[in-house]
Student: 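Okay, here's the structure, questions in a sec.
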Amino acid sequence: MIDAAPSSYPAWLERFVREAPRMQVPDGMRPAAGSRRAAVLILFGEGPHGPDVLLTERAATLTKHAGQPAFPGGRIDPEDDGPVAAALREAQEEAGVVPSGVDVLATLPELYLSHSDHRVTPVAGWWRAPSEVAPGHPGEVATVARVPIAELTDPANRLTVRHPSGLRLGPAFRVGGMLVWGFTAGLLTAVLAAGGWDRPWDTGHVEDLPPDVLSLSARG
């Protein structure tokens, strides 16, 4: 893995680069031996509305993770040279990101997803030379969006979601026309804290998952 030189990313990322590799892994997400390996790319850039991060939204026609916003990513294939290569490959396939325009900032601790039996390595990158992005896999990716960090940290865009049964599912964001929840929202929450960008918000604002989101998530 080749890390970015300190001078190759903006000052607003310095705290994140320092803190992200030391992020704490919750007990329930500690990697399990024998689980399948995957990687996601947390891609930071500077767009017309300031610092941002790239998110995709899965197609509603998929049998797994249908309609869910996510970081670009997927399984680490045998031919991939580890999680960095896999994260960059998936970002290119899913969103059109040109890997040569990305400087790798850090590899974060692995996180275990019990429902899919994957241990996921988040890879953080600085989008030094942004490329045009668009959904790559027909029928797999519905939306690609550069979401400003200012929108993610706006208290008006944050909430806690729960299952209609009353079970709290964790933090969520309403940004870019998407409801970001689950694993991606949890990781985003940790990323914002590591970068020092977090702002106080009403954690008591709890809403049920919308019926359409609930129906799609029931597929797996």
Side-chain angles (χ1 to χ4, degrees), residues 20 23-32 35-43 53-75 83 87 90-91 94-95 108-124 135 137 140-145 147 149 151-155 157-194 198 201-220:
M23 284 170 50
Q24 296 296 309
V25 177
D27 289 340
M29 299 187 75
R30 297 189 185 281
S35 52
R36 293 170 292 184
R37 300 178 67 213
V40 297
L41 182 66
I42 305 169
L43 184 56
V53 66
L54 186 71
L55 293 178
T56 66
E57 186 175 63
R58 307 295 188 189
T61 52
L62 294 174
T63 55
K64 291 184 178 294
H65 311 297
Q68 292 186 14
F71 294 107
R75 288 188 192 177
E90 288 283 353
E94 294 182 358
L108 283 57
E110 282 186 325
L111 301 169
Y112 179 60
L113 300 184
S114 59
H115 69 276
S116 61
D117 193 32
H118 279 93
R119 47 191 174 106
V120 181
T121 299
V123 175
H137 288 304
E140 189 169 324
V141 179
T143 303
V144 177
V147 179
I149 290 177
E151 287 189 19
L152 291 166
T153 59
D154 186 342
N157 295 333
R158 304 195 65 175
L159 67 155
T160 298
V161 292
R162 68 185 170 203
H163 191 275
S165 66
L167 175 66
R168 288 202 179 200
L169 301 175
F173 302 79
R174 279 202 177 94
V175 289
M178 300 180 289
L179 176 66
V180 184
W181 64 288
F183 170 78
T184 303
L187 183 51
L188 268 175
T189 299
V191 163
L192 295 177
D198 214 359
W201 58 284
D202 182 8
T203 57
H205 175 197
V206 182
E207 296 184 17
D208 286 345
L209 274 181
D212 58 330
V213 175
L214 187 64
S215 176
L216 289 173
S217 68
R219 296 181 189 172

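We use all heavy atoms of the structure for the numbers below, so side chains are in, but hydrogens, waters and symmetry mates are not.
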Student: Might you point out which heavy atoms bring Ala185 and Ala172 nearest each other, and give the distance in Å?
Tutor: CB-CA, 4.1 Å

Student: Determine the minimum heavy-atom distance between Ala39 and Pro83, stating which atoms define it.
Tutor: CB-O, 3.4 Å

Student: Any side-chain heavy-atom pair from Leu192 and Arg158 closer than 4.5 angstrom?
Tutor: yes

Student: Please tell me if the side chains of Leu187 and Met23 come closer than 4.5 Å, counting only heavy atoms from C-beta onward.
Tutor: yes

Student: Hey, what do you get for CG (Leu188) to CD1 (Ile149), rounding to the nearest 0.5 Å?
Tutor: 9.5 Å

Student: Indicate the atoms forming the closest heavy-atom contact of Ala70 with Thr184, along with that distance.
Tutor: CA-OG1, 3.4 Å

Student: With a 3.5 Å distance limit and no angle check, can you tell me whether His163 reaches the backbone of Ser165 through a side-chain donor-acceptor pair?
Tutor: yes

Student: Can you name the nearest heavy-atom pair linking Ala145 to Met178, along with the distance?
Tutor: CB-CE, 4.2 Å

Student: What distance separates Leu169 CG from Asp208 CG, expressed to the nearest 0.5 Å?
Tutor: 9.0 Å

Student: Grab the two heavy atoms, one from Pro135 and one from Val141, that are nearest each other, plus how far apart they are.
Tutor: CB-O, 3.3 Å

Student: Are side-chain heavy atoms of Tyr112 and Ser35 found at a separation under 4.5 Å?
Tutor: yes

Student: Can you name the one residue among Glu110, His118, Arg75 that meets side chain to side chain contact (heavy atoms under 4.5 Å, CB included) with Arg37?
Tutor: Glu110

Student: Let me confirm one number: the OG1-CD distance from Thr56 to Gln68, rounded to the nearest 0.5 Å.
Tutor: 10.5 Å

Student: Between Asn157 and Glu151, is there a donor-acceptor pair closer than 3.5 Å when you use the side chain of the first and the backbone of the second?
Tutor: yes

Student: Please report the C-alpha distance between Arg36 and Asp117 in whole Å, then the side-chain angles of each, then the deciding distance to 0.1 Å, and finally whether the side-chain contact (heavy atoms from CB on, under 4.5 Å) criterion is met.
Tutor: CA-CA 6 Å; Arg36 293 170 292 184; Asp117 193 32; 4.3 Å; yes

Student: Start with the C-alpha distance between Asp154 and Val175, add both sets of side-chain angles, then the distance that settles side-chain contact (heavy atoms from CB on, under 4.5 Å), and finish with yes or no.
Tutor: CA-CA 10 Å; Asp154 186 342; Val175 289; over 6 Å; no

Student: With side chain to side chain contact (heavy atoms under 4.5 Å, CB included) as the test, pick out the partner of Pro72 among Leu55, Leu43, Ile42, Leu54.
Tutor: Leu54

Student: Grab the two heavy atoms, one from Arg168 and one from Thr203, that are nearest each other, plus how far apart they are.
Tutor: NH1-O, 3.9 Å

Student: If I take atom CH2 from residue Trp201 and atom OG1 from residue Thr160, how far apart are they, to the nearest 0.5 angstrom?
Tutor: 4.0 Å

Student: Could you tell me the separation between the CG atom of Leu41 and the CD atom of Glu90, rounded to the nearest 0.5 Å?
Tutor: 10.5 Å

Student: State the OG1-CG distance between Thr121 and Leu108, to the nearest 0.5 angstrom.
Tutor: 9.0 Å

Student: Given Met29 and Phe183, is the side-chain contact (heavy atoms from CB on, under 4.5 Å) satisfied, shown in steps?
Tutor: CA-CA 10 Å; Met29 299 187 75; Phe183 170 78; 3.7 Å; yes

